[in-house]
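Structure first, commentary second.
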Amino acid sequence: MTVSNLAKKRLVTKSKPQQLAPLRFITCGSVDDGKSTLIGRLLWDTKAVKQDQAERLHKDSQKGKGGLNLPEFALLLDGLQAEREQGITIDVAYRYFSTPKRTFIVADTPGHEQYTRNMATGASTADLAVLLIDARIGILEQTKRHAMIASMMGISQFILAINKIDLTDYDRQNFEKITTEFNKFALSLGITDITAIPLCALKGENVVEKASDTMGWYDGPSLLETLELATVRSKQSVGFRMPVQRVCRPNESFRGYQGSVAGGAVKPGDSVVILPSGRPANVTKIVTFDLVRNAAVAGDAITLVLDRHVDVGRGDVISSIEARPATGFHFDANVIALCENGIESGKRYWLKSSSRRQRVMVEPFSAIDLKSGQWQDIGSDIDSLALNNIGKVRLNFEEIAIFDSYQENRDTGSFILIDPDNNNTIAGGMITGQTKDVVKIGDFNKDEEVVVLALSPKLAKKLQNSEVFAAIKDDVKQITTTRSKFNKLI
Amino acid sequence: MSNIETIQKPPLDPHLKALENEAIFIFREIAAEFENPVMLYSVGKDSSVLLHLARKAFYPGKIPFPLLHVNTGWKFAEMIEFRDRIIKEYELDLISFTNPRGPNENITPFTHGSSVYTDIMKTQALRMALDAGKYDAAFGGARRDEEASRAKERIYSFRTPDHRWDPRNQRPELWSIYNGMIKKGESVRAFPISNWTEANVWRYIREENIPIVPLYFAKKRPVIERDGMLILAEDKRLEVAANEDIQHIDVRFRTLGCFPLSGAIRSTATNIDEVIEEIDVATVSERQGRAIDKDQSSSMEMKKREGYF
């Protein structure tokens, strides 16, 4: 087929618009709760498993579980040899399936405490968490840990899938007892959006179809119905941000800054500021392969052209002038330790956030006690955060850092820590705020002389856009007020 | 080509747009953080999508790394014609590498069996080519929905100096923050279209008018049936046995590799819309026609551990 034929063809055919945005979710919980079986069941019942894969599944299953003569659905997910041999999930597996209503991206995450880091990997990009609980066992420490990690990573919707309900004779009271206990725990984390569903993944009860014959007492939705109606995380709406990934200079006459919009929107003519230098500029063009665009929104991978030659490099952030991210040397964050050695206080790590990589020292000051769910101060004798622990830390930088809080912007509020000795990713972190109790460049001594200038807005803007001002802007305090109020002030 | 790109296109489906944005981000990260990247280019549909995304990522600049084609010498003739046309048209820098053991020792898929042949002409060849170029990052068009061990792979897949993959000790990969720090001799394989499904790939090819090898579209072609596979009988090197009939039937290919190992499927889908329709109702997976996946349950994982992409 020639290219021009293709071009003609596409004018008459239109792809069917998806009604809902794809949902990313994770399944988590303790080991042996049946996570892989549940996803296997979802893939099977939504016909995402093809004939040749099913044949192999039957070949690999040893007779099927519990005399039901069903294939072992978990084998669809546990794609590594070691997983098949041990019958456990070691690493996160991503799978894709769809119903007429929606597309789903699911991350099946391991239950073993040893592999918690892989659960965190799955949670970082998910919109919703399906938390599995074995109806016979109830809530375990690992269930709580997973709920806590998911919640900390910004997941607000939870489905409490109380599995193997058939093995408790579909006991309603037991289901309600577990639900109440979880709700109480969840409330302490601030989780309010919880749908509890009694189900049997192996038999497919309340997974895709409602099981009204065995669980007539349950009048809620099935798992799939709940997933189809879930919402996706909203795109951050704070000011425009674009972390610069690289500078594109194909020839003398073109210089563009390439990156993905990490919040807000931008259009030609917008005034922006380059951080951390603080230099202002105006956007002249948004270039993409397809066409010169007249706007770009969060998520778009673009090339920005500015109206003047300013020093911009990889790791800088181009931001709107009005709503900037915080810049400074000290930030507070929640972190999860993902490596054997934990996080050591006093060690210089690499921190990577968006495209910015810099040195950092980490000072842990409290950790979550998993039994109570409470934060506990770390004593001065303990100066590290152990593997799989969740803690609050202070980040001390050697060069200026640029962040939003994770709550405001997931892209510019998240980071990883890298051990310079072995290059491993040893922690994931979420910024909670900037530390205020340190001397900033803009703070003055009480007795220091200051000069107060009152300018018209027009003149002030002109001054702000100048290079001279950009270089000293951190030393300037600006207040916008009315003439009459200003008169009273002095 | 250039006249197509100036046509004002309707906006992409939001899901495809998000997948495209993610891929472009990954291309730019690797190009910025690694000294000597290379893009594996197999000429198939996934490689065609990958190439298109790379052109988008660096536009208006050129793709700042070469393409590497590991050529077994047994690819479909139409693939090589297509490859050479694309390279010329887009002014790309292509390195074609063939393991010299192939021609020297006469290693063929017929004489050595698919697993020995694949190991020497694909896995070993890839390792030799990567070593020769001292590449510290290699882009590949692998997708997680292709195969069970691929579903476990990170976007940045870390490899030891001898190209091994250790699936049990992968680095955590949170958000879209990729850890590109490696020691000398180590490398990463980067997979920008990890999260794409076969259906996404086809729809994107349609929406973006991406040229692909015509073998993906049905046409009357000479084939023989061998071990349940329909093998294209156009190459003189295919020895047709006395009891094998050459049939002229409507077939196309769902995946392309070496012609003796890539089975055709009976199909009348002659254009992209018909192909998409066919895939939507297909009851078998795309790798079903691939001989090399079938040797053992974990054969892909084993090959990957050895350095296969």
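So that the names make sense, note that chain A is the first sequence line, chain B the second, and so on, each numbered from 1.
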*For I276(B), is it the side chain, the backbone, both or neither that has a heavy atom under 4.5 Å from a heavy atom of chain A?*
neither
*Taking the six-membered ring for Trp, are F289(A) and H52(B) parallel (under 30°), tilted (30 to 60°) or perpendicular (over 60°)?*
perpendicular
*Given a strict heavy-atom distance threshold of 4.5 Å, which part of R171(B) is in contact with chain A: side chain, backbone, both, or neither?*
side chain
_Between A199(B) and chain A, with a heavy-atom cut-off of 4.5 Å, which part of the residue counts as in contact: side chain, backbone, both or neither?_
neither
*asked:* Less than 4.0 angstrom from a charged side-chain N to a carboxylate O is my criterion; do R314(A) and E33(B) meet it?
replied: yes
*asked:* So which residue, K183(B), E186(B), E22(B), E20(B), ends up with the most heavy-atom pairs under 4.5 Å with chain A?
replied: K183(B)
*Select, from E29(B), R144(B), M181(B), R28(B), the one with the greatest count of heavy-atom pairs under 4.5 Å involving chain A.*
R28(B)
*asked:* For N200(B), which atoms come within 4.5 Å of any heavy atom of chain A: side chain, backbone, both, or neither?
replied: neither
*Could you tell me how the ring of F25(B) sits relative to the ring of Y178(B): parallel (under 30°), tilted (30 to 60°) or perpendicular (over 60°)?*
tilted
_Residues in ring pair (Phe, Tyr, Trp, His ring centres under 6.0 Å) contact with W350(A), at least two apart in sequence or another chain_ = none
_Quiz question: by atom type and distance under 3.5 Å, do the side chains of T288(A) and D290(A) form a donor-acceptor pair?_
no
_Counting only non-hydrogen atoms closer than 4.5 Å, does F58(B) touch chain A with its backbone (N, CA, C, O), its side chain (CB onward), both, or neither?_
both
_Pairs of heavy atoms under 4.5 Å with chain B: top-ranked of R246(A), R249(A), R357(A)_ = R246(A)
*asked:* If you define the side chain from C-beta out and look only at heavy atoms, does anything of Y156(B) sit under 4.5 Å from I30(B)?
replied: yes
*Only one of I286(A), V287(A), V247(A) clears side chain to side chain contact (heavy atoms under 4.5 Å, CB included) with T303(A); which?*
V287(A)
*asked:* Can you tell me which of N195(B), I182(B), V213(B), L16(B) forms the most heavy-atom pairs within a distance under 4.5 Å of chain A?
replied: N195(B)
